[in-house]
Amino acid sequence: QVQLVESGGGLVQAGGSLRLSCAASGRTFNIYHIAWFRQAPGKDREFVASLNWRSGDTFYRDSRKGRFTISRDNAKNTVYLQINSLKPEDTAVYSCAASLRPSLRDIDQDYWGQGTQVTVSS
């Protein structure tokens with residue numbers, strides 16, 4: 001089992017920045033990657049970015065690269081998502097997920113955190 005705990009969401013004005021955290025614990029040696037997803041009201045959940053647990057390689061949904069940066073602190077088993085130049089359309093529940101296999105489909109993720117709300121005001 002892997003446990004994931006997110007933190008760092010909140011209310012921010014457009015143009016601001018946030019850093020979301022995803023702390024992993026448990027059987028982390030089995031993890032293939034940790035990914036961030038988000039779900040806006042009335043919309044499907046979408047992939048944002050992922051980080052390979054072993055290599056540290058990162059991957060982004062096309063339009064996310066540039067404003068979004070995924071990184072990790074190995075000592076803390078924590079993955080971060082830095083979001084800059086926030087826009088109202090970034091408002092969503094952001095969730096991190098861990099997968100034991102190389103799939104970025106949300107249905108293939110094996111473990112999920114509880115999610116953290118990000119609200120961007122205009």
Side-chain angles (χ1 to χ4, degrees):
Q1 290 285 343
V2 173
Q3 295 78 43
L4 303 172
V5 178
E6 298 109 332
S7 60
L11 174 63
V12 64
Q13 287 190 332
S17 299
L18 277 176
R19 189 179 76 161
L20 309 181
S21 300
C22 174
S25 61
R27 300 172 69 85
T28 59
F29 55 86
N30 282 334
I31 295 174
Y32 181 83
H33 67 226
I34 293 222
W36 283 97
F37 292 81
R38 70 181 189 181
Q39 187 166 23
K43 294 188 177 181
D44 292 335
R45 184 159 52 193
E46 64 177 5
F47 166 79
V48 177
S50 67
L51 184 145
N52 185 289
W53 194 248
R54 292 188 179 92
S55 68
D57 289 343
T58 59
F59 180 74
Y60 298 86
R61 183 186 177 97
D62 292 344
S63 60
R64 303 290 174 263
K65 194 170 184 178
R67 293 196 301 120
F68 292 69
T69 303
I70 190 170
S71 63
R72 72 176 172 185
D73 183 329
N74 289 339
K76 296 181 178 179
N77 270 357
T78 298
V79 173
Y80 303 100
L81 184 68
Q82 176 76 33
I83 315 173
N84 297 326
S85 302
L86 278 156
K87 305 174 182 181
E89 51 264 43
D90 292 321
T91 295
V93 174
Y94 285 72
S95 300
C96 66
S99 177
L100 307 182
R101 56 200 141 165
S103 172
L104 295 176
R105 298 192 305 169
D106 58 353
I107 60 173
D108 290 335
Q109 306 307 302
D110 297 284
Y111 304 98
W112 289 88
Q114 80 283 3
T116 185
Q117 176 70 46
V118 171
T119 303
V120 184
S121 62
S122 57

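In this chain, residues are counted from 1 in sequence order.
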Applied to residues 78-89, the side chain to side chain donor-acceptor pair (under 3.5 Å) test, sequence neighbours excluded, yields Ser17-Asn84, Gln82-Asn84

Applied to residues 92-104, the side chain to side chain donor-acceptor pair (under 3.5 Å) test, sequence neighbours excluded, yields Arg38-Tyr94, Arg101-Asp110, Ser103-Asp108

The test is side-chain contact (heavy atoms from CB on, under 4.5 Å); show your working for Asn74 and Trp53 and say whether it passes. CA-CA 9 Å; Asn74 289 339; Trp53 194 248; over 6 Å; no

From [atom1] ([X]) to [atom2] ([Y]), nearest 0.5 Å:
{"X": "Thr28", "Y": "Gln1", "atom1": "OG1", "atom2": "CD", "value": "13.0 Å"}
{"X": "Gln117", "Y": "Thr91", "atom1": "CD", "atom2": "OG1", "value": "7.0 Å"}
{"X": "Leu51", "Y": "Ile34", "atom1": "CG", "atom2": "CD1", "value": "8.0 Å"}
{"X": "Arg72", "Y": "Leu81", "atom1": "CZ", "atom2": "CG", "value": "15.5 Å"}
{"X": "Ile83", "Y": "Arg19", "atom1": "CD1", "atom2": "CZ", "value": "12.0 Å"}
{"X": "Ile70", "Y": "Trp36", "atom1": "CD1", "atom2": "CH2", "value": "8.0 Å"}

Checklist entry - Val48 and Tyr32: same hydrophobic cluster, using ILVMFWY side-chain contacts below 4.5 Å? => result no

Common cluster, Leu20/Tyr60, ILVMFWY with side-chain heavy-atom separation under 4.5 Å
yes

Pairwise side-chain contact, [X] with [Y], heavy-atom cut-off 4.5 Å (strictly under):
{"X": "Thr58", "Y": "Phe68", "result": "no"}
{"X": "Leu104", "Y": "Ser50", "result": "yes"}
{"X": "Val2", "Y": "Asn30", "result": "no"}

So the ring pair (Phe, Tyr, Trp, His ring centres under 6.0 Å) pairs with at least one residue in residues 103-122 (sequence neighbours excluded) are Phe37-Trp112

Practice item. Check the pair Gln39, Glu46 against side-chain contact (heavy atoms from CB on, under 4.5 Å), reporting the backbone distance first and the verdict last. Key: CA-CA 6 Å; Gln39 187 166 23; Glu46 64 177 5; over 6 Å; no

Can any side-chain N or O of Glu6 pair as donor or acceptor with the backbone N or O of Gln114 at less than 3.5 Å? yes

Hits for side chain to side chain contact (heavy atoms under 4.5 Å, CB included) against Val12, two or more places apart or cross-chain, chain-then-number order -> Leu18, Leu86, Val120

Residues passing the side chain to side chain contact (heavy atoms under 4.5 Å, CB included) test with Leu11, sequence neighbours excluded, are Thr119, Ser121

Does the pair His33 and Gln109 meet the rule for a side-chain contact (heavy atoms from CB on, under 4.5 Å), with working shown? CA-CA 9 Å; His33 67 226; Gln109 306 307 302; 3.3 Å; yes

Residue pairs meeting disulfide (SG to SG under 2.5 Å), one or both in residues 5-62, sequence neighbours left out, come to Cys22-Cys96

